> 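Quick one: the structure is below, and I'll ask about it shortly.
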Amino acid sequence: MKRKKKAVPALLAGLMVLLTACGNAGQTPREASYSVTEGTQEYRGFTLDNVLHSETEGDIHFNLYVPDSYDGSHPTSIFFTLPGYEGLYFQGTGENLYQEDFGFTAQEYDPDMIVVAPQLSGWDEESADQTIALVEYFFASYNIDPQRVYGEGYSGGGETMSLVLGKIPELFTACLLCSSRWDGAYEPVVESRTPVYFVIGESDEYYGAGPFKEACENLRSLYEQEGLSGQEIDQLLVLDVKAGSYFERQGMSNQHGGGNLFAADREIMGWLFEK
């Protein structure tokens with residue numbers, strides 16, 4: 001059964017109005033002006049190495065899938081997938097798509113969805129701010145349904161996504177964090193009621209499961225302080241720790257690298273796109 005989507009928060013509604021106005025004037029609220037250099041290479045339907053030139057955030061590289069059905073006449077869903085270390089920009093154009101499957105399997109859930117695969121330079125505040133600028137650019141330049149804005153981050157990309165959620169969680173309908181840790185603030189997520197799914201191997205070689213367990217405990221505690229019931233919290237917060245057998249039966253001996261398996265897991269990805 002498809003879950004009822006949350007109402008558009010007042011902050012996001014205001015942002016959408018401002019973005020529309022600024023977009024018509026050729027400006028976004030965070031920057032005086034921007035321009036985009038479109039990529040010329042293609043890979044499995046994605047245009048590679050588009051660049052958003054932002055006065056405040058610098059050059060933001062991203063790969064982009066826009067379905068043939070998109071003509072701007074009606075609001076469409078959008079998915080942002082942030083890569084791990086092997087997919088960052090200095091690793092080479094398109095490496096995030098060569099290394100990870102999230103951007104491709106997402107299309108199975110909504111073939112009319114726009115998919116944005118940024119190639120940032122790291123997993124710090126700068127990358128988080130660049131991600132926010134990129135999301136704002138798409139709100140201003142495309143007809144995006146604010147009820148269907150999805151985010152995912154794997155490994156270092158999950159750290160970046162957690163920082164984004166700690167700043168403006170209202171941008172997203174729901175987010176999936178894979179094989180990573182939480183670096184952002186908790187309170188904004190609780191205030192916005194943005195659903196988050198945490199998934200990691202019990203013996204993840206890079207992070208271990210401890211940081212995700214701690215993050216979920218902190219978020220659950222804050223939700224309880226807000227008076228939410230256990231059932232209500234379970235709709236907003238999922239901790240999914242996979243045993244070693246999950247990876248072994250799919251031919252993976254490394255749990256951290258095996259995080260890419262989550263892209264093909266219909267329970268995990270289905271949760272995201274049903275929100």
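Keep in mind the model is a prediction, meaning the values are calculated, not measured.
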> Would Leu261 end up clustered with Trp271 when hydrophobic side chains under 4.5 Å apart are linked, directly or stepwise?
yes
> For the backbone of Val190 and the side chain of Glu226, can you confirm whether one donor and one acceptor N or O come within less than 3.5 Å of each other?
no
> Do Tyr34 and Glu55 have side chains that approach each other closer than 4.5 Å (heavy atoms only, starting at C-beta)?
no
> Please find the pair of heavy atoms, one from Leu236 and one from Arg193, that lie closest to each other, and give the distance.
CD2-O, 3.3 Å
> Nearest 0.5 angstrom please: His61 NE2 to Phe90 CZ, how far?
13.0 Å
> Write down the atom of Gly166, the atom of Pro188, and the distance for their closest heavy-atom approach.
O-CG, 3.2 Å
> Where do Asp145 and Thr173 land on the side-chain contact (heavy atoms from CB on, under 4.5 Å) test, with the steps shown first?
CA-CA 10 Å; Asp145 183 351; Thr173 304; over 6 Å; no
> I'd like to know whether the aromatic ring centres of Tyr98 and Tyr43 sit less than 6.0 Å apart in this structure.
yes
> Within 45 degrees of the ring normal and closer than 6.0 Å to the centroid, is that where the cationic atom of Arg181 sits relative to Phe212?
no
> Following the transitive rule for hydrophobic clusters with a side-chain heavy-atom cut-off under 4.5 Å over Ile, Leu, Val, Met, Phe, Trp and Tyr, establish whether Leu163 and Leu176 coincide in one cluster.
no
> Is there side-chain contact between Lys213 and Leu239, with at least one heavy-atom pair below 4.5 Å?
yes
> Could you tell me whether Glu267 atom CD has more than 12 heavy atoms of other residues or ligands within 6.0 Å of it?
no
> Quick one: closest heavy-atom pair of Pro83 and Asn96, and the distance?
CB-CB, 3.5 Å
> Tell me the closest heavy-atom pair linking Phe172 and Gly151, and the distance in Å.
CD2-N, 3.7 Å
> If you count every heavy atom of other residues, nucleotides or ligands that lies below 6.0 Å from Glu224 atom CD, does the total exceed 12?
yes
> Could you grab the distance from atom CD of Glu95 to atom CG of Leu48, nearest 0.5 Å is fine?
10.5 Å
> Are the side chain of Asn254 and the backbone N or O of Gly257 linked by a donor-acceptor pair below 3.5 Å?
yes
> If hydrophobic clusters are built by linking Ile, Leu, Val, Met, Phe, Trp and Tyr wherever their side-chain heavy atoms come under 4.5 Å apart, do Leu177 and Leu222 end up in the same one?
yes
> Can you find a pair of side-chain heavy atoms, one from Thr76 and one from Tyr142, that are under 4.5 Å apart?
no
> Search all heavy atoms of Gly122 against all heavy atoms of Thr160 and return the closest pair with its distance.
O-OG1, 3.6 Å
> Would you find a donor on one side and an acceptor on the other, under 3.5 Å apart, between the side chain of Ser155 and the backbone of Gly157?
no
> Side-chain contact test, heavy atoms from C-beta onward, threshold under 4.5 Å: evaluate it for Tyr85 versus Leu88 and give yes or no.
yes
> Taking Ser203's backbone N and O only, do any of them form a donor-acceptor pair with Gln255's side chain (distance below 3.5 Å, no angle check)?
yes
> List the steps and the verdict of ring pair (Phe, Tyr, Trp, His ring centres under 6.0 Å) for Phe62 and Phe138.
CA-CA 12 Å; Phe62 63 98; Phe138 275 91; 5.7 Å; yes
> Looking only at atom types and distance, does a side-chain atom of Ser162 sit under 3.5 Å from a main-chain N or O of Glu159, one as donor and one as acceptor?
yes
> For Trp182, give me all partners under ring pair (Phe, Tyr, Trp, His ring centres under 6.0 Å), at least two apart in sequence or on another chain.
Tyr186, Phe198
> Would you say Glu232's side chain and Ser229's backbone share a donor-acceptor pair under 3.5 angstrom?
yes
> Does the side-chain contact (heavy atoms from CB on, under 4.5 Å) test come out yes or no for Tyr246 and Asp265, once each step is laid out?
CA-CA 11 Å; Tyr246 175 91; Asp265 192 313; 2.7 Å; yes
> For the ring pair Tyr150 and Phe273, is the centre-to-centre distance below 6.0 Å?
yes
> side-chain contact (heavy atoms from CB on, under 4.5 Å) for Tyr89 and Asp49? Distances and angles first, verdict last.
CA-CA 9 Å; Tyr89 187 67; Asp49 203 23; 3.3 Å; yes
> Can you measure from OG1 (Thr81) to CE (Met161) and round to the nearest 0.5 angstrom?
8.0 Å
> Only distances under 3.5 Å count here; give the side-chain donor-acceptor pairs of residues 109-119 to other protein atoms, sequence neighbours excluded, each with its distance to 0.1 Å.
from	atom 1	to	atom 2	distance (Å)
Asp110	OD1	Asp112	N	3.0
Asp110	OD2	Ser77	OG	2.6
Asp112	OD1	Ser69	OG	2.7
Gln119	OE1	Asn63	ND2	3.4
Gln119	OE1	Gly94	N	2.8
Gln119	NE2	Gly87	O	3.0
Gln119	NE2	Gly92	O	3.0

> Short question: side chain of Asp124, backbone of Ser127 - any donor-acceptor pair under 3.5 Å?
yes
> Side-chain contact test, heavy atoms from C-beta onward, threshold under 4.5 Å: evaluate it for Val199 versus Lys242 and give yes or no.
yes
> To the closest 0.5 Å, what do you measure between CG (Asp59) and CD (Glu57)?
11.5 Å
> Between Glu108 and Phe104 (side chain of the first, backbone of the second, donor and acceptor by atom type, cut-off under 3.5 Å), is there such a pair?
no
> What's the separation between atom CD in Glu152 and atom CD1 in Ile268, rounded to the nearest 0.5 Å?
10.5 Å
> What I'd like to find out is whether the side chain of Cys175 reaches to under 4.5 Å of the side chain of Leu165, using heavy atoms alone.
yes
> Just wondering, more than 12 heavy atoms not from Asp71 lying within 6.0 Å of its CG?
yes
> Are Tyr65 and Phe79 an aromatic pair by the rule of ring centers under 6.0 Å?
no
> Could you grab the distance from atom CG of Leu237 to atom SG of Cys216, nearest 0.5 Å is fine?
4.5 Å
> Hey, do the aromatic rings of Tyr207 and His256 have their centres closer than 6.0 Å?
yes
> Could you go step by step and tell me if Asp234 and Arg220 meet the side-chain contact (heavy atoms from CB on, under 4.5 Å) rule?
CA-CA 9 Å; Asp234 289 343; Arg220 182 170 291 275; 3.0 Å; yes
> Find out whether Ile60 and Asn50 are in side-chain contact, i.e. whether some heavy atom of one side chain is under 4.5 Å from a heavy atom of the other.
no
> Is a side-chain N or O of Ser141 found less than 3.5 angstrom from the main chain of Tyr137, in a donor-acceptor match?
yes
> Check whether Leu134 and Trp123 end up in the same hydrophobic cluster, where Ile, Leu, Val, Met, Phe, Trp and Tyr are linked by side-chain heavy atoms less than 4.5 Å apart.
no
> Looking just at side-chain N and O atoms, do Asn143 and Tyr70 make a donor-acceptor pair shorter than 3.5 Å?
no
> Taking all heavy atoms of Ser253 and all of Glu205, pick out the closest pair and write down the distance.
O-OE2, 4.0 Å
> Heavy atoms, side chains only, cut-off 4.5 Å: are Thr47 and Glu38 in contact?
no
> Got a donor-acceptor contact below 3.5 angstrom from the Ser192 side chain to the Val189 backbone?
yes
> Hey, any chance Val135 and Ile144 share a hydrophobic cluster, counting ILVMFWY side chains that come within less than 4.5 Å of each other, even indirectly?
yes
